[in-house]
Every structure is written in structure tokens, then in C-alpha cells.
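Handing you this structure, nothing more for now.
Everything quoted here is computed from the prediction, not taken from an experiment. Numbers restart at 1 for each chain; the letters A, B, ... are given by sequence-line order, proteins then strands.
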2 protein chains.
Amino acid sequence: MRKRATAKEVADAAGVSKWTVIRAFTPGASITEESKRRVLEAAAVLNYTPNLLARSLATNLTHQVAVFVDDFANPQKLPFLETLTERLQAEGLVAVLININNHFDHVHALLNADQRQVDAVILFGTAFRNETLSDRQLGRGMPPMFVLARDSQIDGVPAVVCDAELALRDIVDHLYERGYRRPGFMTGAPALSTALRRRQHFIDFWKGKGVDEIVILSADRYSAEAGAGSVRHYLNDIDPAARVDVLMCENDILALGAMDEIRGNFGLRIPDDIAVVGFDNYELGGASCYGLTTYEQPRIEMVQAVIGMIKGRLEPETVTLPGKLVVRTST
Amino acid sequence: MRKRATAKEVADAAGVSKWTVIRAFTPGASITEESKRRVLEAAAVLNYTPNLLARSLATNLTHQVAVFVDDFANPQKLPFLETLTERLQAEGLVAVLININNHFDHVHALLNADQRQVDAVILFGTAFRNETLSDRQLGRGMPPMFVLARDSQIDGVPAVVCDAELALRDIVDHLYERGYRRPGFMTGAPALSTALRRRQHFIDFWKGKGVDEIVILSADRYSAEAGAGSVRHYLNDIDPAARVDVLMCENDILALGAMDEIRGNFGLRIPDDIAVVGFDNYELGGASCYGLTTYEQPRIEMVQAVIGMIKGRLEPETVTLPGKLVVRTST
DNA sequence: TTGTAAGCGTTATCAA
DNA sequence: TTGATAACGCTTACAA
């Protein structure tokens, strides 16, 4: 068992009380230069650094934020995690990454995060209906929660999202201008899909343009494979004359899988036979072999908004931020 | 400030001492059924759960493992993070994700992780030469460290890696069989590149087959863009007759970028004009528009090995695990 | 400016 | 089985 030096030991070595040692490590504390020097010297010799755990126990602040994630198939999670951890760290916070899966569900995770005394919980791209936790449990005693990159389904839990209405308006406008008139939409996991609101807005904007028939394809997960499977199923059954002329997929990874299937296994051309649109602006979508038209979420602004709420600079309320359309060759 | 119930409060409510409350929450502690029932009842009413922070302070065990990451461009990090968090959680551990960047370097991160009393540190795909930390600091007082998915550069710090020698032997054998004789190798970030040992083994195995001239391309980072830029630079200058007939890239994301450039901007065919090999078996590499031949790291086994060492089941020593060659159409 | 006492919510150990 | 004392390493409030 490794043994760390404590403030008391440094105090003895420096010939002061342990509180003076604490002061030497507290910015702005009242302490003479001389004492501070002696303390820091002794601390250096003993290799002392403050125990943040003990500090957290005393201050009731861990500077830890739990980040819940349940979908690792979407490569777009990675740049988000990068931005999130970087900004958290810049604020003196640290991310505890919690994998929500069959063995460790939201309730488990939330209870655990609470027991670990995290300062806040970010539901990143995930949310849950509160069926197991009582309102009392959720309201009192639980750390403040925030939903990032999807709608919140819990009263009082704010969400930070990309403006889906604006996004889909831009997308549908673009597709309409390009002359497409037989739109299709591919959803991912049903539980997540509605909360993203992409499908509904897609349908509504097309209706606003007088196009009432929107084909819905559904993949069961958000992965390239699921996207490919979904479109294969559709193309196998459909009469080519009745085929959609543009397919919007709920996110890029579905779209990339769909494109591979459309071209590779059915020999159709994109966008001539079917145009494809994604969502997220994942780096590889821009590759020349895809050229996927997509929509970029305002990642940095979204992350900053959540952190602002956590730090108390911003009101904890649902925020909707505008992203931007990225047009490439797939439309 | 939210207020949690404490063991003392539950004790008062249940009419027992706080130690009895603790026992009710300690599996296998000696306590009568009756006491336990009363305690759990009172705990339910007060919504009490043990404070893991206080427990950690008392036991000197946080059940937290810091995971250092410094390259978020490689989508392969995601499945690794998924496996890692899942397995850690299965063992009652939790991952603290630390983003190593210009503002928060290894030394900062290590010092911070140490102060937070994490049980272990995993350097995931990253490592550093110990220039700033004294040996005493590293040896004593620091949490046990492990390097995952690359070589360790610190004495006494074990690494868990995919067997690069075996991997490159398989790859070179495959390429040789296919008839390629003018190999090239693309490295990524220099600091990481040598520690992966892929280039050296690539060169050595070719030499073993009598092929001494190996072209080296270098990308400065591990990203599709960097891969594309590197191969563009090369193809712009080279006489087509002297061109490599196969290009191995240090990882898939470089390879995908390279493939896009080779086909999209230079109009060359893969594998006819240039064959391409990657490393990692990233999902999209298998897409029909790439069909990238690559090598799959034994992700689950690697993660299990690190965790085994952390939990003390395995000797903390460098482990080299075999992966498997995935042949597709790019070769 | 410095030292003291009390407290944060647990666990470890021992006595009853 | 239960209660009590001490300890974990720090912070806060207050007195010297």
C-alpha cells in the first residue's frame, strides 16, 4: 500500500501547525511569505500534495461530473467526448465516463453517481423515463442532471440540443430546391428516435411543401450495419418506379451504411438514383467516396452551454442551438 | 445545496447506533435480521445510501481508474472505451476519462489523478517519457500505471499490446503472396509511431523476404485528412513507374484517408495500381466502398488483461496478445 | 497571521 | 451482536 504524506506530517517537518500547511496550499489564504516558503519546502521534500478526496468530503464538492453514454457505435461521440472532457478540465472538473448497458442501467448508474457524490450528471445522447426512481429520489438527494444532444424526458431536467426544427427546415428546403419529391426517412433505435425530433420535423416540412407521402425506414440501432440492413430490406421489396428519390438518415453512420448498400449491393447511383442525407457531419462522411450531405451540430456551443449550467453561470433551462447545413455530392 | 441522509440519522430513526446501520449495508457483516430490517426500513424512508466518498477516505480505495487519452481522431478509440468502461464497471470500478492535451499534459493529469486517489491509471494509446517527474515521485505515492495499446516507455510500467511482430509477419506474408514487391509504409504522429513498432517490423519482414527498399511516408497525425495529405504529397512527386504497389498505413483512419486520395484525386485503382492495408479493423473500413484489408487487435483480451492486473489477479508485467488478419478487397 | 476545536461520513478495532 | 473510540485528511469558524 502506497503511503502519501499528510498535511500533519508536513506541518511537523516545517515546524508549523497543519492548518498553516493547508493555508500554504490555499490560494489567497492569509499566511506570511516565510511560513509559506518553509511549508512548500517541507512539502517538496516529503512529496506532499493535498488529498482531494478528503477535501471533497469536507467541502461536499468533488469536481467530478458523471457522463452517461449508451451508444458507442456512433463515431460522432468521440469529438463530443473530446470537447466535453477538454472544457470540463479547463474548469477544474473531470468526467467520469459511465457506460449505460444491459448490466448497468440508468437507475444503477444514477444511484452510483449519487453515492460517489458527483457534482452533476450529463446524460449524453441518452435519457430515460423515470419509472423506477420516485420523484422524491429524483428531486432531492440526486445530483443536478442535464441532457446533452437529445431531448429530455424528465420534468425539470434541462436539455441542450441542436435546433432540429431549424436543421430540418434547411435540409428539406435544400432537397426541395434540388428537385427531390419522393422523400424517405430512416430512423434508428426507436427509443432515441422520437427524442431527436428529426423525423417529425422532416415530415412536417415536406407536408408544408405539399409532399404528403413520406416513406419511413427503420433501423434498430445506430450503426452502419443497421443502416445497410434497413435500406436493403426496403430496396428488395420496392418497385423501382415507386422508389424514394432521396433518403434522409437520422445520423451519418446510418447514412454511410445505407450508401454502401445502395451502391455496392444494388448498383444504384448516388445521388442520381437515390440521394442521401445524414446528420452530424462525421469526418468520414466528407471523404470523396461518400461526399455525404449532412448537418453539423454546434458541438462546442452545446458543450459550453451544459458546462455553463453546471457551473451556475447559466440558468438551468433547455437550450436549443443552431447548427449548419453541409452540402456535398450525395444530394 | 442538496442534503443527503447520513448513517447517524438513519441510526436515530431506527433506534440503533450508526455502526449497526453501517453493518446493514455491509454484505456479510454480523447483524440480526431484525436489526437489519429496521435499519433498511428507516433508510428507505430517509432515502439513505452510503457515501462512497467517505468510504473511500476511510478505506483508501476509490474504485476509480483514470484513463488517459490523447488522440480522439481515431474512431477505434470508441469501441475500446466501450469495452473498457463496461468491464471496469463489471468489476465495481469506474473510469475517469482524462483528455491529455496542450492545456493538460501527462504530468498535470498524473498529479491530479494521484490527488484524486484513483486506484490506477491507464495510459490508453498514449505514453510519455518521464522528464518532469522524479523517480521518487513516480515510484512512491503515484497510483499504479498501465499502458494500453502501445509500448510503455517507462521502466516498471507494464504495457498490454497487440503482438506487432506476429501481426506484421502475417501482413507481410499476405502481401508477398499476393505478389506485391514495392512496399510503402505510412506512419502517423512520430511520438506514437515508434512505440507501436509496426513500421520496424514491416521493414524487417520485407527484408527477410529480400525486399530492402521500403518507402516511408509520414503523416503528422492519425486522421483521415493527414493520411490523405501524406499520400498526396507522395503521389505528386513520384514517377508512376517507381511508385509503391502496396501502401501499409499505421492505422485504419490513415488508410481510409489515403484511399480516398488515391482514388478520388489521382484516379488510381485499388488494389490494381496501389494496394492499401490498415490496422485496427475499424467498422467503416469494411464498408463496400473501402474493403480495407486490416488487422484486428484483440480488444477484449487486452482490456481484460489490464483490468486483471489492476485487480491483482494477474502479475503486472507487459503482455503481448495475438490479433487477427482481416483480408478484404484493398489487397 | 497562527493555532485550536469541531465536523465531513465513513471504516477498523476492540470491548461489552 | 452491538456500541464505543479512534482514525481517514481535509475545511470551516473562531479564538489567540
Quiz prompt | B:Trp19 or B:Ala58, whichever maps to the more 5' nucleotide of DNA chain D | solution =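 Here B:Trp19 is the residue nearer the 5' end.
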
Quiz item: For A:Lys8 and C:dT4, what is the distance between atoms NZ and C1' respectively, to the nearest whole Å?
Solution: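 For the pair A:Lys8 NZ and C:dT4 C1', the rounded distance is 13 Å.
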
Quiz prompt | Atom pair distance, as rounded to whole Å: CG in B:Leu61 and P in C:dT11 | solution =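 In whole Å, C:dT11 P lies 12 Å from B:Leu61 CG.
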
Exercise. Specify the separation, in whole Å, of atom OH of B:Tyr48 and atom P of C:dG9.
Key: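 About 10 Å, once rounded to whole Å.
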
Quiz item: Mapping A:Arg55 and B:Val16 to their closest nucleotides on DNA chain D, which lands nearer the 5' end?
Solution: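 Nearest nucleotide further toward 5': that of B:Val16.
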
Exercise. Check for a donor-acceptor pair, side chain of A:Thr318 on one end and backbone N or O of A:Ala159 on the other, with a separation under 3.5 Å.
Key: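 Between the backbone of A:Ala159 and the side chain of A:Thr318 there is a qualifying donor-acceptor contact (under 3.5 Å).
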
Practice problem: Would you mind reading off the distance between B:Gln117 atom CD and C:dT10 atom C1', rounded to a whole angstrom? | Solution: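 Result: 15 Å.
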
Practice problem: For A:Gly15 and for A:Lys18, find the nucleotide of DNA chain C with the closest heavy atom, then tell me which residue's nucleotide is more 5'. | Solution: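 Counting from the 5' end, the first nearest nucleotide belongs to A:Gly15.
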
Practice problem: Answer yes when A:Glu34 and A:Arg37 have at least one side-chain N-carboxylate O distance shorter than 4.0 Å, and no when they do not. | Solution: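 Between A:Arg37 and A:Glu34 there is a salt bridge, with a charged N closer than 4.0 Å to a carboxylate O.
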
Exercise. Grab the two heavy atoms, one from A:Arg116 and one from B:Gln64, that are nearest each other, plus how far apart they are.
Key: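 So the minimum-distance heavy-atom pair works out to NH1-CG, 3.5 Å.
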
Exercise. Look at the side-chain N and O atoms of B:Ser17 and state whether any lies under 4.0 Å from the OP1 or OP2 oxygen of D:dA4.
Key: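 Indeed not, no polar side-chain atom of B:Ser17 lies that close.
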
Exercise. Look at B:Glu91 together with B:Arg313 and state whether they make a salt bridge at an N to O cut-off of under 4.0 Å.
Key: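 The answer is yes: the pair qualifies as a salt bridge.
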
Quiz prompt | Among D:dT12, D:dC10, C:dG9, the nucleotide that comes nearest once only the side chain of A:Thr59 is considered | solution =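 The nucleotide sitting nearest to the side chain is D:dT12.
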
Quiz prompt | Nearest-neighbour nucleotide for the B:Arg23 side chain, C:dT10, C:dT13, D:dG9 considered | solution =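 Nucleotide nearest to B:Arg23's side chain: C:dT13.
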
Quiz prompt | Contact under 4.0 Å: B:Ser30 side-chain N or O vs D:dT2 OP1/OP2 | solution =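 So the side chain of B:Ser30 is outside the cut-off, no N or O lying under 4.0 Å from OP1 or OP2 of D:dT2.
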
Quiz item: In whole angstrom, what separates A:Leu53's CG from C:dT11's P?
Solution: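 Going from CG in A:Leu53 over to P in C:dT11 covers 13 Å.
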
Practice problem: Indicate, with a heavy-atom threshold strictly under 4.0 Å, whether A:Ser56 touches base, sugar-phosphate, or nothing. | Solution: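 Result for A:Ser56 = nothing.
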
Quiz item: Counting just side-chain N and O atoms, does B:Thr20 come under 4.0 Å of either OP1 or OP2 of D:dG3?
Solution: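 So the side chain of B:Thr20 is within the cut-off, an N or O lying under 4.0 Å from OP1 or OP2 of D:dG3.
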
Quiz item: Once you round it to whole Å, what is the distance between C1' of D:dA7 and CD1 of B:Ile22?
Solution: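 After rounding, the reported distance stands at 14 Å.
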
Quiz item: Would you say A:Thr32 reaches C:dT2's phosphate, i.e. side-chain N/O to OP1/OP2 under 4.0 Å?
Solution: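 True: A:Thr32 side-chain N/O within range (under 4.0 Å) of C:dT2 OP1/OP2.
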
Self-check item: Approximate separation, where rounding is to 0.5 Å, of B:Phe68 CZ and B:Asn99 CG
Solution: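 B:Phe68 CZ to B:Asn99 CG: 11.0 Å, rounded to 0.5 Å.
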
Quiz prompt | Whole-Å gap separating P (C:dT11) and CD1 (B:Ile31) | solution =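 So the two atoms are 13 Å apart, to the nearest Å.
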
Quiz item: For A:Leu57 and D:dT12, what is the distance between atoms CG and C1' respectively, to the nearest whole Å?
Solution: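 Answer to the nearest Å: 13 Å.
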
